[in-house]
Amino acid sequence: MKKSLVLSLCLLCALVLCACGDTAASQNNTAYVGNYVCTGITMDGLAMNPEGKWLELHADGTATTFLTAASNEAEWQLSGEAFTMTIAGKTVATGTLQSNQLTLEMSGMEYTFAREGTQPQEGDSDSGTYATFTCYGGLYSVRYASDVFQPDPAGLSDLYTDDGTKGWITKLDSEERVTEWLASFDAKGTSETVTDYQTRDLTVAGYSARAIVYQDETGWNSEVLVNFGKDLGNDTYPMYAAYLYFTGPTYLSVWSEDVQAIVNSLTLPQ
């Protein structure tokens, strides 16, 4: 009888402790419930545009994420500062959650989030001085002063300045295209529709590059081709050269110090 009573008391204590643990965990999770705004995304060391991406943690342990073109549902758990996100019982992301800051590693990408209302405002730090521009599979990036060139919310390759300069950057995915592009540079030098033609040789990211500046019926133009001399891409994104194009109303607008800084800041992943 006494043994049965002792056993019953032990079981009761165990149940109470489990209930207390569940309550504490629930209260702990409740403290982190809310909407978290994405403040940064990196992949293979290159920064990507975080604008418009977020996730919301619910008190019942579920989460709503908007990291692609549509929202998705998931579950989340917190053990100390260790954060885990699962879908149908399968772990899809891990990270840390502390002081209103959430970091996640998911699908080869690293995300940082700040709880809504706690993220740094513009001017709070130097982190917004530069924006990182990635293009076509993250094969290369360009850093430029964000107070001159506006970050593209869509993450595309268009660049604009307040003085009317606009431009874009792309890749040449075969040796033949590189040859054709260089030939077009020479053709513009003898074209009747082109005036004020100039050409110059550069070194960009350690590779030979050629730039031309000219005026035609559309205004002033500058084209730059960085010839890597080999395929620096992969089966999905082959790349033999990077091509940049700028256009504007004046010579200085297409070959200013800002434009030259963009050309010179072309970098390749290590």
Side-chain angles (χ1 to χ4, degrees), residues 46 49 131-146 148-269:
L46 297 178
N49 196 333
T132 300
F133 174 73
T134 58
C135 179
Y136 295 97
L139 288 171
Y140 54 85
S141 63
V142 174
R143 300 183 74 234
Y144 57 89
S146 58
V148 176
F149 283 78
Q150 304 304 312
D152 179 5
L156 301 177
S157 57
D158 296 322
L159 304 173
Y160 299 91
T161 64
D162 294 335
D163 64 359
T165 302
K166 61 182 180 178
W168 49 275
I169 182 171
T170 188
K171 64 180 174 64
L172 301 183
D173 56 8
S174 69
E175 293 180 279
E176 291 75 18
R177 290 196 67 194
V178 174
T179 301
E180 291 173 1
W181 230 270
L182 288 173
S184 73
F185 279 21
D186 293 329
K188 288 184 175 65
T190 58
S191 172
E192 295 181 356
T193 62
V194 170
T195 59
D196 302 305
Y197 177 88
Q198 300 178 40
T199 182
R200 62 188 71 183
D201 294 322
L202 309 170
T203 299
V204 178
Y207 296 90
S208 62
R210 183 182 174 194
I212 57 175
V213 182
Y214 59 93
Q215 188 177 22
D216 60 16
E217 65 275 6
T218 65
W220 282 91
N221 307 268
S222 177
E223 301 179 49
V224 183
L225 190 146
V226 186
N227 190 348
F228 303 124
K230 56 185 178 180
D231 180 10
L232 294 183
N234 52 46
D235 292 340
T236 306
Y237 300 105
M239 182 173 71
Y240 289 84
Y243 170 80
L244 298 88
Y245 171 80
F246 298 96
T247 181
T250 65
Y251 172 85
L252 287 178
S253 66
V254 299
W255 201 244
S256 64
E257 292 182 356
D258 297 317
V259 170
Q260 291 182 61
I262 291 177
V263 174
N264 293 331
S265 65
L266 182 71
T267 60
L268 295 168

**Report entry** Non-neighbouring partners of Tyr240 that pass side chain to side chain contact (heavy atoms under 4.5 Å, CB included), sequence neighbours left out
**Finding:** Glu175, Val178, Asp231
Query raised in the report: Going by heavy atoms in the side chains, are Leu172 and Trp181 under 4.5 Å from each other?
Result: yes
Query raised in the report: When you measure from the side chain of Thr247 to the backbone N and O of Trp220, does any donor-acceptor pair fall under 3.5 Å?
Result: yes
Query raised in the report: Hey, what do you get for CG (Leu202) to CD (Gln260), rounding to the nearest 0.5 Å?
Result: 8.5 Å
Query raised in the report: Taking everything shown except Glu257 itself, do over 12 heavy atoms lie less than 6.0 Å from its CD?
Result: no
Query - Note, Tyr243 side chain near Arg177 side chain (heavy atom, < 4.5 Å) - result: no
Report summary line: Minimal heavy-atom distance between Val204 and Val263, with the atoms involved, is CG1-O, 3.1 Å
**Report entry** Atom pair CD1/CZ of Ile262 and Phe246 - distance to nearest 0.5 Å
**Finding:** 4.5 Å
Query raised in the report: If you draw a 6.0 Å radius around NZ in Lys188, do more than 12 non-hydrogen atoms from other residues or ligands fall strictly inside?
Result: yes
Query raised in the report: So, for Val254 and Ser222, which heavy atoms are closest and what is the spacing to 0.1 Å?
Result: O-CB, 3.6 Å
Query raised in the report: Does the side chain of Tyr214 come under 3.5 Å of the side chain of Glu223 through a donor N or O and an acceptor N or O?
Result: yes
Query raised in the report: Donor-acceptor pair, Thr165 side chain versus Gly248 backbone, under 3.5 Å?
Result: no
Query raised in the report: Which value, rounded to the nearest 0.5 Å, describes the distance between Leu182 atom CG and Asn227 atom CG?
Result: 6.0 Å
Requested in this report: Taking the side chain as every heavy atom from C-beta outward, state whether Phe185 and Thr199 have any atom pair closer than 4.5 Å.
Outcome: no
Query raised in the report: Taking atom CG of Leu232 and atom CE of Met239, what is their separation to the nearest 0.5 Å?
Result: 5.5 Å
Query raised in the report: Could you state the interatomic distance from CG (Asp216) to CG (Asn221), rounded to the nearest 0.5 Å?
Result: 4.5 Å
Requested in this report: Write down the atom of Ala242, the atom of Leu266, and the distance for their closest heavy-atom approach.
Outcome: CB-CD2, 4.2 Å
